[in-house]
Amino acid sequence: MTESSGPAHRPSAVPGPWSVPVLLRPRQPRVVVKADLLPALSVFFTLTVFGVPIGFLWSRIAPPERVRIIAADGTTGPLELESWHRFDDLAIFGFLTLGLGIVAGLVVWLLRERRGPVVFLGAVLGVTAAAAMGMWLGPALADGHYAITSAPALGSVVELAPRLETWWVLITGPFGVSVTYSLLTTWNGRDDLGRRLG
């Protein structure tokens with residue numbers, strides 16, 4: 001007698017409602033806050049210190065604006081194309097902080113056991129604080145470097161210290177950290193960002 005091979009005896013490709021449930025689901029990685037808080041603070045304070053060399057370096061390489069003395073009371077007049085250095089000063093500072101942000105993002109990523117949003121936020125805030133310190137310290141150092149010690153003669157050309165005229169330049173450092181860390185995170189592609197060394 002031939003055994004019937006009807007639909008009731010065919011194996012189903014799609015599990016039905018009475019299939020065996022999965023008892024052990026893969027554990028989803030969670031954001032670690034408490035363990036990463038102290039390393040994030042260390043990253044923040046370490047990066048903040050870099051505001052001092054950035055401010056000093058900017059005060060030495062940023063070009064001054066040359067002006068001519070046009071009156072006996074010290075009134076100055078602009079020279080042709082010299083006003084462009086105001087943008088140069090801003091661009092140089094922006095590139096310095098952008099470079100710091102890119103390097104900081106790369107170095108913080110190499111802290112494999114601490115990868116995640118907590119240390120990333122510490123790096124972003126640290127670079128922002130470093131840029132703010134450099135923006136405050138740099139013009140002060142430049143004023144001392146280009147100080148006019150004696151009254152200039154009428155018609156002479158003097159150099160005015162470089163200056164930073166907008167706080168918008170502070171976004172370049174955090175931008176560098178964010179782009180670098182985001183690209184490395186995308187390239188990594190793991191749920192835990194490779195925190196487990198095993």
Side-chain angles (χ1 to χ4, degrees), residues 22-63 83-142 161-198:
V22 178
L23 299 177
L24 298 175
R25 296 187 181 275
R27 192 174 175 184
Q28 295 294 330
R30 295 184 178 180
V31 175
V32 180
V33 176
K34 187 179 291 186
D36 288 353
L37 195 55
L38 186 58
L41 289 174
S42 300
V43 167
F44 170 78
F45 288 115
T46 301
L47 290 175
T48 301
V49 173
F50 282 92
V52 176
I54 282 183
F56 176 80
L57 182 61
W58 176 85
S59 69
R60 294 301 184 263
I61 66 176
S83 61
W84 289 11
H85 289 318
R86 295 163 62 187
F87 172 77
D88 298 338
D89 299 338
L90 201 62
I92 289 172
F93 187 84
F95 280 119
L96 287 175
T97 55
L98 179 65
L100 175 64
I102 293 173
V103 173
L106 178 60
V107 171
V108 169
W109 175 258
L110 295 177
L111 302 175
R112 182 171 180 175
E113 292 180 311
R114 300 303 177 193
R115 289 176 183 170
V118 178
V119 174
F120 165 71
L121 185 60
V124 169
L125 295 178
V127 170
T128 305
M133 180 180 290
M135 192 170 186
W136 168 76
L137 187 62
L141 294 173
R163 56 192 184 273
L164 298 170
E165 299 181 346
T166 177
W167 286 89
W168 281 103
V169 73
L170 294 181
I171 67 173
T172 56
F175 176 77
V177 176
S178 301
V179 169
T180 304
Y181 207 87
S182 299
L183 289 176
L184 291 171
T185 301
T186 305
W187 168 77
N188 179 268
R190 298 182 182 179
D191 290 340
D192 66 342
L193 301 180
R195 285 176 65 109
R196 292 192 297 270
L197 298 177

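Values below: all heavy atoms of this structure, side chains included; hydrogens, waters and symmetry mates excluded. If you're wondering where the values come from, they're calculated on a predicted model, not measured in any experiment.
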Legend entry - Stepwise side chain to side chain contact (heavy atoms under 4.5 Å, CB included) test for V127 and T97: CA-CA 8 Å; V127 170; T97 55; 5.6 Å; no
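- Note that the CZ atom of F95 and the CG atom of L90 stand 10.5 Å from one another [nearest 0.5 Å].
- Closest heavy-atom contact between L106 and T180: N-CG2, 3.7 Å.
- Scanning both residues, P174 and T128, for their nearest heavy atoms gives CG-OG1, 2.9 Å.
- Residues R114 and A35 share a closest heavy-atom pair of NH1-O, 3.5 Å.
- Under the salt bridge (charged side-chain N to carboxylate O under 4.0 Å, His left out) criterion, D89 pairs with no residue, sequence neighbours left out.
- Applying the side-chain contact (heavy atoms from CB on, under 4.5 Å) rule to L57 yields the partners I61, L96; only residues at least two apart in sequence or on another chain are considered.
- Going from atom CD1 of I102 over to atom OG of S178 covers 11.5 Å, rounded to the nearest 0.5 Å.
- The environment of F50 atom CZ is sparse: at most 12 non-hydrogen atoms of other residues, nucleotides or ligands sit within 6.0 angstrom.
- P162 and P63 make their closest contact through CB-O, 3.7 Å (heavy atoms, listed as atom of the first residue, atom of the second, distance).
- V52 approaches L137 most closely through the heavy-atom pair CA-CD2, 3.8 Å.
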Inset, instruction - Let me see the working for Y181 and R115 under side chain to side chain contact (heavy atoms under 4.5 Å, CB included), right down to the final yes or no. - result: CA-CA 10 Å; Y181 207 87; R115 289 176 183 170; 3.8 Å; yes
Legend entry - Residues W58, I92; criterion side chain to side chain contact (heavy atoms under 4.5 Å, CB included); working and verdict: CA-CA 7 Å; W58 176 85; I92 289 172; 3.9 Å; yes
Legend entry - N188 vs W109, side chain to side chain contact (heavy atoms under 4.5 Å, CB included): CA-CA, chis, key distance, verdict: CA-CA 11 Å; N188 179 268; W109 175 258; 3.7 Å; yes
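- Listed here is the closest heavy atom pair of T172 and G94: OG1-O, 3.3 Å.
- Considering T46, L41, L47 as possible partners of V43, the one that fulfils the side-chain contact (heavy atoms from CB on, under 4.5 Å) test is L47.
- Within 6.0 Å of CH2 on W167 lie more than 12 heavy atoms contributed by other residues, nucleotides or ligands.
- To the nearest 0.5 Å, the span separating CZ on F56 from CD1 on I54 amounts to 13.5 Å.
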